[in-house]
Amino acid sequence: MAQILFFGRLMDVTGKAEETITLPDTVRDTSALRRWLDQDRGLQGALLEKTVRLAINNEIVADPHPVNDNDEIAFMPPVGGG
Amino acid sequence: MAQILFFGRLMDVTGKAEETITLPDTVRDTSALRRWLDQDRGLQGALLEKTVRLAINNEIVADPHPVNDNDEIAFMPPVGGG
Amino acid sequence: MLRVSSEPFNAGEELSAFERDAAGAGAVVSFTGLVRDHASSGDVKSLFLQAYSPMTERGIEEAITAATERWPLTALKVIHRVGEMAPGEAIVFVATASAHRRAAFEAADFLMDYLKTEAVFWKKEATETGEHWIDPRSEDYQDRARWA
Amino acid sequence: MLRVSSEPFNAGEELSAFERDAAGAGAVVSFTGLVRDHASSGDVKSLFLQAYSPMTERGIEEAITAATERWPLTALKVIHRVGEMAPGEAIVFVATASAHRRAAFEAADFLMDYLKTEAVFWKKEATETGEHWIDPRSEDYQDRARWA
């Protein structure tokens, strides 16, 4: 089971901050994960945007990066504090 | 009688912060005042330095500027706060 | 010194404590970011700040290290709030101390540019007309690029 | 707002009061100059600041006017001490408030460059080895020239 986190505006788009899912066999990397989740939830490309970065286990990664069950996978829209 | 003020290091050089003097007839402008006071007090050029500016009645002036009895005349070495 | 917390703080008290620690430094610069009370979409009711720990803290610590390597600082403090806050409340506080003012000014400026564009936070503003997620402005990215 | 006074002040308390007045501003920058505790001539015992009123105040007011014309500030405060002070005490405090941080940073920086090189003050530092009048450093004049 992978832990999926949605931050910022993606929390509103998906209607949740996190969920625990079993990755389908076809989803082996971040690029595939973006496509599958976006289509499965009918998000019309919100998870495919280039400005949305993925972090695996608290480290930002570049697509395509392997994903595994037990990973914590975060979808991160553009950041900025202050 | 003119009021003469010495600020900063000139206070130490002259040994006083202010004095009231009668200007000699020969002293009619700031350039003459510098030369006369410096020589009269044996200050070896301390009042002639270009970095020392003169203010008359709280306004900085450029040499030579007329001086009169009743003026408040300040000798101001380089300034800087903070 | 870094603190990321949902606790409100008073920038003046933080500055007093910082200057006690930094005594002898000569120059102290502080920046405080306050929740604005008006946005283009109307009066601001509240601001919500979300972080992703420990990535958020790790990133800020790296920026702090970069600042201390680049400028001769004798003390440095960063406080950043998360959670819900009201207009006028302090969101962020950065203080820097150095022997001379240029280093203190530049380091505080540098840290704020990092915090505005790269620190791992997401901001949502609630106004009369609804809620809006706020991205950095293009000026923020331009400011950040000055240090490259 | 300008205050030139021999009264000691606490920069943190001044910042708290300033931020109450500047609520809604978004960005607040403060600079505090503290009496250093060590100079090249030894440990500092005291610092003496001399002003020439009202020329001193008039000059700072002109610099404040120049800053408010150049940057969109919502609040501004300058406090400068005169007389005798001890290491660690605050000599000068500048605070600026604006909607965005760049204006607040630059205006505080500008005012400090004025205060360091053109404000009508004379400074004497007393150390273990005697008393020394302090002129601005060449870096101070270079910093000031940035705004011409």
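Everything numeric in this text was worked out from a predicted model, so none of it was measured. Atom set for the values below is all heavy atoms of this structure, side chains included, hydrogens, waters and symmetry mates excluded.
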Report which part of [X] has an atom under 4.5 Å of a heavy atom belonging to chain A: side chain, backbone, both, or neither.
X	answer
C:S53	backbone
C:R81	neither
C:E118	backbone
C:A51	backbone
C:K124	side chain

Notebook entry, point to check: Does C:Y114 have any ring-ring contact (aromatic ring centres under 6.0 Å, His included) partners at least two apart in sequence or in another chain, and if so, which?
Noted result: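 Residues passing ring-ring contact (aromatic ring centres under 6.0 Å, His included) with C:Y114: none at all.
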Check: Parallel, tilted or perpendicular: which fits the ring planes of C:Y52 and A:F7, with parallel below 30° and perpendicular above 60°?
Finding: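 C:Y52 vs A:F7 ring planes: tilted.
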Item checked: Heavy-atom side-chain proximity of A:M11 to C:W122 below 4.5 angstrom ->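 They are not in side-chain contact.
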Check: Can you check whether A:D12 reaches C:W133 side chain to side chain, under 4.5 Å on heavy atoms?
Finding: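 They are in side-chain contact.
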Note to self: Looking at every heavy atom in both A:M76 and C:V120, which two are closest together, and how far apart are they?
What the structure shows: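 The answer is CE-CG1, 3.9 Å.
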Item checked: Which atom of C:P136 lies closest to which atom of A:G80, heavy atoms considered ->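 Nearest heavy atoms, C:P136 then A:G80: CG-CA, 4.1 Å.
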Notebook entry, point to check: Do side-chain atoms of C:H80 reach the backbone of A:G82 as a donor and acceptor pair under 3.5 angstrom?
Noted result: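 Yes, because the side chain of C:H80 sits within donor-acceptor range (under 3.5 Å) of the backbone of A:G82.
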Notebook entry, point to check: What residues of residues 42-72 of chain A sit under 4.5 Å from chain C when only non-hydrogen atoms are counted?
Noted result: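 Within residues 42-72 of chain A, the residues that come under 4.5 Å of chain C (heavy atoms only) are A:A55, A:N58, A:E59, A:I60, A:E72.
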